[in-house]
2 protein chains.
Amino acid sequence: MYAYAPSARPVVLDPHGAANTCANCDARPHSVCNAVPDADIARLTAIAVVTHAEPGTTFIQEGDPASHFFNISAGTVRMYKLLPDGRRQITGFSGVGHFLGLAVSDTYAFSAEAIDHVRFCKFSRARVRTLLDDYPAMEKRLLAVASTELVAAQDQMLLLGRKTARERLASFLMLQSRQGVMCQSYRHRFALPMSRGDIADYLGLTIETVSRTLTKLRSDGFIEIPSATEIAIRAPAALESLATGMA
Amino acid sequence: MYAYAPSARPVVLDPHGAANTCANCDARPHSVCNAVPDADIARLTAIAVVTHAEPGTTFIQEGDPASHFFNISAGTVRMYKLLPDGRRQITGFSGVGHFLGLAVSDTYAFSAEAIDHVRFCKFSRARVRTLLDDYPAMEKRLLAVASTELVAAQDQMLLLGRKTARERLASFLMLQSRQGVMCQSYRHRFALPMSRGDIADYLGLTIETVSRTLTKLRSDGFIEIPSATEIAIRAPAALESLATGMA
DNA sequence: CGGTCACTTGATCGTCTTCAATACCAGTGG
DNA sequence: CCACTGGTATTGAAGACGATCAAGTGACCG
């Protein structure tokens with residue numbers, strides 16, 4: 001088990017780097033928001049509440065009434081579910097442009113915490129509903145988001161149910177190398193905003209196994225570990241083979 | 001590992017029990033199809049291709065071009081993903097009224113096989129797209145389906161990542177008791193259309209562990225096992241506690 | 001009846017967990 | 001500048017849960 005104390009992780013993105021209107025939001029190109037045409041962007045701005053969350057802050061609580069949708073515009077978030085005795089399963093990490101809060105139920109199905117400094121837009125569900133009626137493209141976009149997440153969830157089930165610790169770490173690192181924050185100067189090198197405990201709870205392992213397996217992957221020449229929060233992939237093809245269970 | 005030989009399982013529902021038009025389809029009340037109003041039901045019938053699949057037949061192949069949507073109207077289906085060496089993860093079981101084939105990608109993200117005799121409607125994706133433009137309610141319905149599946153997938157991640165074998169079986173049995181085919185005469189008694197191998201690959205376990213754990217749950221008084229394909233729950237509340245990790 | 005196949009049960013093994021100690025890193029204050 | 005502190009990460013040794021290997025049981029069917 002892992003102690004979930006909030007801790008200062010390296011800030012990867014400046015949370016104050018973008019203006020507070022939808023028109024020049026740097027997350028908009030990557031998010032469902034761009035289904036609203038430029039001309040009507042004021043309607044979006046009107047109902048968006050820009051919010052900041054410090055590292056370790058829980059801003060969605062599993063079981064609470066699902067009153068809002070969220071759109072991440074800076075930082076990284078972990079979504080998770082807990083068992084009564086504290087066992088935790090992280091269902092995913094969300095970064096810039098990600099949309100949270102989809103649920104038919106009237107309560108949230110998971111909790112969400114800021115890993116580093118996070119900025120997000122809150123939208124009242126009721127107001128979004130009226131927006132959806134006016135912009136069918138947005139509804140289509142939401143369906144696309146949900147479908148994509150569903151595919152990712154199925155991949156994760158395969159990982160959790162059938163892959164070895166080594167394969168899980170390989171899969172995780174390849175995923176991060178694709179969608180993580182890359183280092184400008186070196187390809188295949190990226191930052192890990194989340195802790196070993198987060199990684200463990202995402203992969204269904206323990207901290208110790210994550211640490212040991214990373215060390216092993218390094219000594220086997222697959223990766224380098226410049227610091228605890230940075231990874232460089234030495235052999236992308238070989239690591240990908242590992243990740244897909246070819247080895 | 002499990003040998004995936006097609007095998008004759010008890011047929012739970014008569015696949016020929018319903019008429020071949022959407023108007024009197026017994027799956028329609030439970031499916032996305034009822035977003036199309038009665039008056040226009042002919043449009044739906046026009047593009048629906050009713051198909052049957054014998055036990056063990058694969059009718060969706062992971063990686064194939066995603067040309068159709070599917071709607072199950074009789075029988076039970078297993079969806080799964082494979083690793084190159086044959087390890088299998090079943091991502092879910094689908095019964096009457098379930099909708100399959102959601103994906104943004106142009107290829108299927110999973111395979112689907114008939115467990116017993118299955119009847120389903122095939123819809124060309126292209127034709128459904130035009131239908132969706134005319135019936136926004138159907139799009140909303142699809143979003144609801146996707147959201148529901150997403151929540152289920154997150155629950156399954158928690159199960160696969162953090163629950164013990166005993167808790168997994170308890171969760172599975174409670175799920176089946178809710179959505180499975182109930183015996184008419186006895187409450188808390190239901191049929192299991194899937195084999196032990198299917199259950200194992202769904203829960204991230206082996207056949208042997210599934211069998212042993214079921215035996216243990218029986219000897220502990222939680223359940224009865226009238227036959228290999230039938231389960232009766234003796235202590236629903238206690239089993240539910242187990243399933244949610246309270247014990 | 002004999003054969004097949006799914007399921008059950010038993011014995012042993014291995015991967016990952018648990019428990020425990022140590023190393024590391026950043027921040028703080030002497 | 002360096003010792004001290006709190007927290008994270010790494011490493012080591014022992015243990016457990018589920019996997020694997022193997023044999024036995026039972027149901028269905030030709």
Side-chain angles (χ1 to χ4, degrees), chain A residues 1-11 55-56 85-89 115-116 159-169 191-219 223-231 245, chain B residues 1-11 55-56 85-89 115-116 159-169 191-219 223-231 245:
Chain A
M1 205 76 48
Y2 180 66
Y4 308 113
S7 71
R9 308 284 307 171
V11 176
D85 62 2
R87 279 173 289 174
R88 182 177 69 158
Q89 179 63 39
I115 290 181
D116 44 27
L159 180 150
L160 293 169
R162 288 302 179 219
K163 289 187 184 177
T164 65
R166 198 174 164 84
E167 290 165 348
R168 293 181 200 202
L169 261 302
L192 291 180
M194 67 292 289
S195 70
R196 295 290 185 272
D198 288 339
I199 299 173
D201 285 349
Y202 178 58
L203 298 179
L205 300 169
T206 60
I207 295 182
E208 295 91 329
T209 300
V210 168
S211 181
R212 264 187 264 271
T213 307
L214 283 177
T215 303
K216 191 67 172 27
L217 287 175
R218 182 187 53 190
S219 66
I223 60 172
E224 286 171 43
I225 312 178
S227 80
T229 59
E230 270 186 317
I231 296 282
Chain B
M1 204 77 47
Y2 180 65
Y4 309 115
S7 71
R9 309 283 307 170
V11 177
D85 62 1
R87 279 173 289 174
R88 182 178 68 160
Q89 179 63 40
I115 291 181
D116 43 28
L159 179 148
L160 292 170
R162 289 301 180 219
K163 289 187 184 176
T164 64
R166 199 175 163 84
E167 289 164 349
R168 293 181 200 202
L169 261 303
L192 291 180
M194 68 291 291
S195 70
R196 294 291 186 273
D198 288 338
I199 299 173
D201 285 349
Y202 179 58
L203 299 178
L205 300 169
T206 60
I207 295 182
E208 294 91 330
T209 300
V210 168
S211 181
R212 264 187 265 273
T213 306
L214 283 176
T215 303
K216 191 67 171 31
L217 287 175
R218 182 187 53 189
S219 67
I223 60 171
E224 286 172 43
I225 312 179
S227 80
T229 59
E230 271 186 317
I231 296 283

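Lettering follows sequence order; numbering is per chain, from 1.
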| Applying salt bridge (Lys or Arg N to Asp or Glu O under 4.0 Å), which residue pairs with at least one partner in residues 202-216 of chain A are found, sequence neighbours left out? | A/K216-A/D220
| said: Can you give me the closest heavy-atom contact between B/D201 and B/Q89, atom names plus distance? | reply: O-NE2, 3.1 Å
| query | Which whole-number value in Å describes the distance from B/I225 CD1 to D/dA27 C1'? | reply | 16 Å
| How would you label the contact of A/S227 with the nucleic acid (heavy atoms, under 4.0 Å): base, sugar-phosphate, or nothing? | nothing
| said: Test of understanding: with side chain to side chain donor-acceptor pair (under 3.5 Å), list the residues that count as partners of B/T209, not counting sequence neighbours. | reply: B/T206
| request: Starting at atom CZ of B/R168, determine the distance to atom C1' of D/dA19, rounded to an integer number of angstrom. | output: 13 Å
| message | A/T213: which residues meet the side chain to side chain donor-acceptor pair (under 3.5 Å) condition with it, sequence neighbours left out? | response | none
| Whole-Å distance between D/dT8 P and A/L192 CG? | 16 Å
| Please give, in whole Å, the distance from C/dC25 C1' to A/R196 CZ? | 13 Å
| request: List in chain and number order the residues that pass side chain to side chain donor-acceptor pair (under 3.5 Å) with A/S219, two or more places apart in sequence or in another chain; answer none if no residue qualifies. | output: none
| query | In whole angstroms, how far is the P atom of D/dG7 from the CE atom of A/M194? | reply | 22 Å
| Heavy-atom donor-acceptor pair, B/E167 side chain to B/T164 backbone, under 3.5 Å | yes
| said: Between P on C/dA23 and CG on A/L214, what's the gap in Å once rounded to a whole number? | reply: 21 Å
Measure all distances between protein nitrogen or oxygen atoms and nitrogen or oxygen atoms of nucleotides 15-17 of chain C, and list the pairs falling under 3.5 Å.
residue : atom : partner : partner atom : Å
C/dC16  : OP1  : A/A165  : N            : 2.9
C/dT17  : OP2  : A/T206  : N            : 3.4
C/dT17  : OP2  : A/T206  : OG1          : 3.2
C/dT17  : OP2  : A/T209  : OG1          : 2.4

| Which whole-number value in Å describes the distance from B/K216 NZ to C/dT9 P? | 13 Å
| query | Roughly how many Å is it from CZ in B/R87 to P in D/dA19, rounded to a whole number? | reply | 13 Å
